[in-house]
Amino acid sequence: MIRVNGRDVADRDGATIADLLADLGVEADARGVAVAVDGEVIPQGEWPAFTVSAGSRVEAVTAVQGG
Amino acid sequence: MIRVNGRDVADRDGATIADLLADLGVEADARGVAVAVDGEVIPQGEWPAFTVSAGSRVEAVTAVQGG
Amino acid sequence: MIRVNGRDVADRDGATIADLLADLGVEADARGVAVAVDGEVIPQGEWPAFTVSAGSRVEAVTAVQGG
Amino acid sequence: MIRVNGRDVADRDGATIADLLADLGVEADARGVAVAVDGEVIPQGEWPAFTVSAGSRVEAVTAVQGG
Amino acid sequence: MNDPFLLAGRELGSRLILGTGGFPRMETLADAIGATGTELVTVAVRRIDPAARHSLIDVLQACGVRVLPNTAGCFTARDAVLTAQLAREAFETDWVKLEVIGDERTLLPDAPELLVAAEQLVADGFTVLPYTTDDPVLARRLEDAGCAAVMPLGSPIGSGMGIRNPYNLTLIVEQAGVPVILDAGVGTTSDAALAMELGCDAVLCASAISRAVDPVAMARAIRAGVEGGRLARLAGRIPRRTHAQASSPMDGLPELAAADVPTP
Amino acid sequence: MNDPFLLAGRELGSRLILGTGGFPRMETLADAIGATGTELVTVAVRRIDPAARHSLIDVLQACGVRVLPNTAGCFTARDAVLTAQLAREAFETDWVKLEVIGDERTLLPDAPELLVAAEQLVADGFTVLPYTTDDPVLARRLEDAGCAAVMPLGSPIGSGMGIRNPYNLTLIVEQAGVPVILDAGVGTTSDAALAMELGCDAVLCASAISRAVDPVAMARAIRAGVEGGRLARLAGRIPRRTHAQASSPMDGLPELAAADVPTP
Amino acid sequence: MNDPFLLAGRELGSRLILGTGGFPRMETLADAIGATGTELVTVAVRRIDPAARHSLIDVLQACGVRVLPNTAGCFTARDAVLTAQLAREAFETDWVKLEVIGDERTLLPDAPELLVAAEQLVADGFTVLPYTTDDPVLARRLEDAGCAAVMPLGSPIGSGMGIRNPYNLTLIVEQAGVPVILDAGVGTTSDAALAMELGCDAVLCASAISRAVDPVAMARAIRAGVEGGRLARLAGRIPRRTHAQASSPMDGLPELAAADVPTP
Amino acid sequence: MNDPFLLAGRELGSRLILGTGGFPRMETLADAIGATGTELVTVAVRRIDPAARHSLIDVLQACGVRVLPNTAGCFTARDAVLTAQLAREAFETDWVKLEVIGDERTLLPDAPELLVAAEQLVADGFTVLPYTTDDPVLARRLEDAGCAAVMPLGSPIGSGMGIRNPYNLTLIVEQAGVPVILDAGVGTTSDAALAMELGCDAVLCASAISRAVDPVAMARAIRAGVEGGRLARLAGRIPRRTHAQASSPMDGLPELAAADVPTP
C-alpha cells in the first residue's frame, strides 16, 4: 500500500513516481508540479525511474490560488 | 374648551391654573412645577387667581430624568 | 482727496474710475478686475463715466493666488 | 590579578569573596547582594570560604532603581 | 489637593456632573449620585404625568445635589428659551444647560440657533451652560455672548464613542476664558480621564453610567477617571517620545559571560 | 468589591506594579509607593557602587513591598538567565521580570531570545514574568513555555505613547490563560485606564510616574486610572453606537409655540 | 469608467479642485494644473498690485481651467458678500467659494456668519460653495439655504493633518443632497484617498501640493489619491474583520512530516 | 519618473505584488493582473486536484508575470522549509514568500519558528521574503539572517483593517537595509497609499482586490494608491501643523465696509 496525497492506493507498490502521477492525470513533463516521497523532494528528472516502495507517502503538489 | 398638556379638557373654561393643576393631581404649592399659558410662563403665585379662557393652551411641566 | 486701495490720492477729486485705474496701470477693458466705490460694486461698463467724488473710497481688485 | 566589577584588583589573588566584598565596603551578611565568579553564581553561605584565584572575574551586584 | 471647580461663581466639590437620564430606577439613580460624589445633576422638563409615582425633584433634594435643568428636545431657539423660563420657575434656578438640537438621529446641536438662544437667555438673566459642537469658533462666540461655560461634545449623546476629535477640544481649552465641560460621548473611564487630561474643567456624563450593566459600579469608575485625569493634568505628564527612554540604568551592568570568553 | 489579583498563586492588593527607575530621590520613591498602593515593585541588578549612600532594598522593605527584580540591560538569553540567577540569590525571590532587549534605541524585546530565556528560567524553577511585544502568538508561546504572566508593551519603554495597537492587546487578553500585565508605554491616567478596560489584569508603570513633574501626584493619578479602568471593565460599559441615543425622553415635550400659531 | 462629477449643473472631468495659493512660481502652478488634470481652480480677491508682473487670470486661461473665486480673509458676512460681488464682476462667474473665517490662528469658519452670508449670496443669485466645519447640522443648513455643495474641512487650512474626524464626514456624506467636497487639511495622497473612500464627491487641495518639496510630483500623487479613492469607493471594498480570513486555501495541504513520524 | 524597485537584484516595474487567493474566476484574476500592472504574483502549494479544470501556472504564464510561491498553511519551520523546496522544484524559482503561522484564527506569524525557517532556507540557497509581524527587532533579525526583504503585516490577513501600528512600520523602514513590503491588512486605496508614504518599498495585496465587489476596479484603485503613495513619499509632503497656514494672502485685503463707517 502506498499513500498518495493522503489516500491509500492499492496494488501500486513498486510503481514509479511517473506512474503515480499518471494515475492523477498528470504527465511526467508537466509544468508546475513537484513530488515529495517520505518528506524528501524528488527532482522531476528522477520521476520515471524512482520506484515507490510499500508504506511510503507520496505528496504531489502544484500551484493553487493563494495570497 | 381648554387644551391642557396636549389634551382638550371640556367644561373648564374660566378655571384657574390652580384648578387645572388639581385636575392633574398637583397641588398649588407643589415643588418643581411650572405652567405656561399660550406660551407665557405664569408665576406660581398667580396660579390661584389666573383664569384660563376658552381656546387657551396650558402646559404644566415638571422635572423628569434627562441628560 | 480720494482713497484708492487704502492710499490717499490727491488732486483727483472728480476723476472717473477709468482715470483712477489708469493711475494704477490698469486699462479700462482689463480682464479680471473689479471696482467698488464706498462699498458698492461698480460694473465695468460704468467706469469711463463714473466720477468719484472727494472723500470716497475706491477699492480696485483682481485675482491673486489663493486657496 | 583578579577582576572585580570590571576593575583589576592587585595583590588579592586567593582572597575570599567575603574579603573582596569587604574591599567594596560590603559586609558578608549584607542583604540584597549577590556574587558571580566567572559566570557562576556563588551562594552567600560560601562567601567566607570561597577563594578567588588569579585571573578570575568577580561580579558583585545589588539592587538599583530600575523599571 | 486644593483644586476647587468654580462654575458661574459657585464652587463645586466634584468635577463630574451627572445626567439623570436612563437610570432604570430612582434607587439606582440615588446610589449612583452617591458613588459619583457629584453636586450637580441635570433634569429634563416635561409635561406632568399624573401616573408618575415618584418625584424626581424630591429624590434629588434628598441626595443634596443641585438641579441643572436642560432644554433637551428643543429644536428652535424659541422653544429652548421658553423651556428655560419654565425651568427657572419650576426649580428656582437661573442655571440652564442649553440644548438646541439640529438633527434627530445624531442629536447634534444647531450652531446658529444655539447662539441665538444663548444670547436671548443671557439677556434674560440666565446662567447659560450650552451644549455645543466641538467647533472652537462657536465655543468662543458662545463665551463672547456671555455663557458661563462651554460644553462641547466628544461624540453624539449616548454614543459612547468618546472624544472623536481631541484636537478641536484642545483648541477650545486653550482659548477658553470660561470653564470647558465635556458633554456627551463619554463611554468609559478612559474617555473621562482623557477629557480632563486635555484640560477640560469637568465632565458631564449620563448614559455611560445610567445604561451600564452595573450603573453604580460605573459611577465609581468614571469618577475615578475624572479625578485621575484631573490629577494627571496637574501632575505634569512626561512628553511623548518616538523612541524609548530607559527606565533602568545602562551603566553598572555586570559582565556575565564566562571568564574564558574575552569581552570587548 | 472583592476583586483579588492573583499572580503566580499570590494575591496582590493592587493591580498597579511600580517600576523604581527614574525617581530623582529615594524619598520621592517611597512617597510614590505609598500613593500608588502597590505591593510589588521592580528593581534592576547592577554592580555594587561603593559610593552609593542609600540601600534601595532597605527603602523598599521599609515600604512593605515585594521586590520584583528585572533583567533590564540584557541583550541575550544567557545574560538574562545569569542576571535572574544573581537576583534570586540577592533578593531571595524566584520571581523575575524577564527582559531580553533587541534594540538599544527602542528597547524592544528580542522575541526568539526572549522565548529561549523564558524556557530556561522556567526549567530552573523561576516564576517568569516576561516583558514582551504585543504579538499575540509570542504571548501564547511564552504562556505555553510556563510563564506565570505575559507583560506586553503598549509602546516603547519611557515613550509615554500609550497603547499603540489596542487590537493586538485585545487578542492577547482574549486568549491568555495567565494574567496579562501591560508593561511599558503608559504616559498618563487614560492610558492605564484603557489597558484595564481592554482586559489587562494589571499595569506596570515606571517613567510616567517617576519622571512626571510631580511624581507623587502622578502616582495617585495613575492609580485612579488603573482602579477606574478595572471598575469600568467589570461594570459593563455601554456599546459604541454610530448615532445618538437620547438621554432625555422624546415624549412629554410641551408645545410652547404661541397659541395663535396652529401646531400640527 | 463613466463617472461624471456634476457641480451646480456643470460636469467636471476631474474630482480634484486646485487652490492656487502657495505656489512659488507661476510656471510651477501651470505645471501642477496640468499634472492634476483639474478643471477648476480657486483664486483670492485682493487689491491690484501695480508692481505685479504676471496676470494670474491670463495664466489660468491659458491652462484652460475655470476660475473659482474665494472670499478668503473675510471675517464677516458683509465682507464676504461684497467680496463675492466684486469677484462676480471681475471674473464673470457667479460661482464663489464662500469663506467666512472666525479665528486668525486656525482659520476655522464662523458657523453663524457663514450661514448668513450663504443665505444672502444665494438670494443674490450666486452659486455658493461654502467652506464649512465638519458639523453635519451646519452642512445641512447650508444645503437647505440653497448652497450648491458643502465643503467641510478635514483639518485646518494648510495644516496637513488630514481628516481629524472621519465620523462627522461620514454623517455629512450620508445626509447630503448636494456634492460634498473635502476642503482643507489634505496633506498627502492617503488623505485624499480617504476622503473619496468616505464618499466625498471631490477634494479641494492647495498647500499640500503648492508647498510640497516637489509640487508637480505631489500634484500627480494627490491626483492618484483622489482617483484611486473614488475607484475604491465604487469598487466596493471588503468589510473590516476582527480576525483573519485566509487568502490561501486551508485544505489540500500536503503532509510533509517524515513517514516514520505518525501523523494525527 | 525613474523609480525602479529592486528586489533581490531583480528590477520590477510595479511596486504592487498581487496575491492570487480569493478570485472567484481565473478570468477575473487575469483581468486584475492586467489592471494592477504587477509583475509578481503569489501562489500557494497544494496537493494536485485531479478535478481541477484550469492550470493556474498556465494562466500566470500567459499574463507574463513571475510566480512567487508561498508557504501558506505551514505552522512549523519544518513544513515551511519542505514546502519551499517543493515550490522550488515545481516552479523553478528559488524565491519564496515564507509564512510560518502561529494561530489559526488570526493567521499571525510565529516569530521564533519564522526565524528558524528563514535561516534554514537562506542556507539552502533560497531568496527568502518572510511574512512577519510588525516587530522591528524581528524584522532586523530576519534581515541579519539573510532575507532579501521583510514583509511586515499591517493587520491580519484578509482583515482589511489597514495599518494598525504605523509607528512600528516606520521603525522597520528606518532601520531596514532590504526592501520593506507591506503584506496583509490592506483594505482599500488609502491603506496602500499610507504604506508607501511611510516608506515601504512595495505592497502585497490579495483579498482587498480579489474579494472586492468589483475586483478589477479595485485592482486599479489600489494600484493608484501604491503609485500615488510612492509619488507622495518622493515629492516631500508638507509638515503637519497644529494650527493653520493661510493659503490665501492676508495682505492686500480690500476694505469693504461703507465709507461712512470709520474703519480702524
Original post:
By a 4.5 Å heavy-atom criterion (distance strictly below it), what part of F:Pro249 contacts chain E: side chain, backbone, both, or neither?
Top reply: both

Original post:
Is chain E contacted by the side chain of F:Val45, its backbone, both, or neither, given a heavy-atom distance below 4.5 Å?
Top reply: backbone

Original post:
Roughly how far apart are E:Leu107 CG and F:Ser247 OG, rounded to 0.5 Å?
Top reply: 8.0 Å

**OP:** Kindly compute the distance separating OG1 (E:Thr106) from CD (F:Gln245), expressed to the nearest 0.5 Å.
**Re:** 14.0 Å

**OP:** Among residues two or more places apart or on two chains, list those pairs meeting side chain to side chain donor-acceptor pair (under 3.5 Å) that have a residue in residues 153-164 of chain E.
**Re:** E:Ser155-E:Ser159

Could you pull out the closest heavy-atom pair between [X] and [Y], with the gap in Å?
| X | Y | result |
| --- | --- | --- |
| F:Ala217 | E:Ala235 | CB-CB, 3.7 Å |
| E:Leu231 | F:Ala221 | CB-CB, 3.5 Å |
| E:Ala232 | F:Thr188 | CB-OG1, 3.2 Å |

Selection from [options] maximising heavy-atom pairs under 4.5 Å formed with chain F:
| options | value |
| --- | --- |
| E:Ala206, E:Gly229, E:Pro215 | E:Gly229 |
| E:Gly160, E:Ala192, E:Ala193, E:Cys74 | E:Gly160 |
| E:Gly21, E:Ser248, E:Ala219, E:Ala44 | E:Ser248 |

Subject >> Qualifying residue for side-chain contact (heavy atoms from CB on, under 4.5 Å) with F:Thr189, from E:Arg230, E:Glu197, E:Met196 >> reply: E:Glu197

Chain E interface, residue from [options] that has the most non-hydrogen pairs under 4.5 Å:
| options | answer |
| --- | --- |
| F:Arg237, F:Met250, F:Arg223 | F:Arg237 |
| F:Ile222, F:Asp214, F:Thr242, F:Asn70 | F:Asp214 |
| F:Met218, F:Arg105, F:Arg233 | F:Arg105 |
| F:Ala224, F:Gly236, F:Ser190 | F:Ser190 |
| F:Ala208, F:Ala195, F:Gly19, F:Gly22 | F:Ala208 |
| F:Pro254, F:Gly185, F:Pro239, F:Gly225 | F:Pro254 |

Original post:
Quick one: what part of E:Thr42 sits under 4.5 Å from any heavy atom of chain F, side chain, backbone, both or neither?
Top reply: neither

Original post:
Measuring heavy-atom distances to chain F, does E:Ala184 have an atom under 4.5 Å in its side chain, in its backbone, in both, or in neither?
Top reply: neither

Subject >> Residue list, side chain to side chain contact (heavy atoms under 4.5 Å, CB included) with E:Asp124, at least two apart or on another chain >> reply: E:Gln85, E:Arg88, E:Phe126

Original post:
Is the shortest heavy-atom distance from the side chain of E:Arg241 to the side chain of F:Pro156 under 4.5 Å?
Top reply: no

Original post:
Is the closest side-chain heavy-atom distance between F:Leu253 and E:Arg46 below 4.5 Å?
Top reply: yes

**OP:** State plainly whether the residues E:Glu255 and F:Arg47 are in salt-bridge range, i.e. N to O under 4.0 Å.
**Re:** yes

**OP:** Could you give me the CA-CA distance, side-chain angles and deciding distance for F:Leu256 and E:Leu86, then say whether side chain to side chain contact (heavy atoms under 4.5 Å, CB included) is met?
**Re:** CA-CA 10 Å; F:Leu256 296 170; E:Leu86 280 168; 3.7 Å; yes

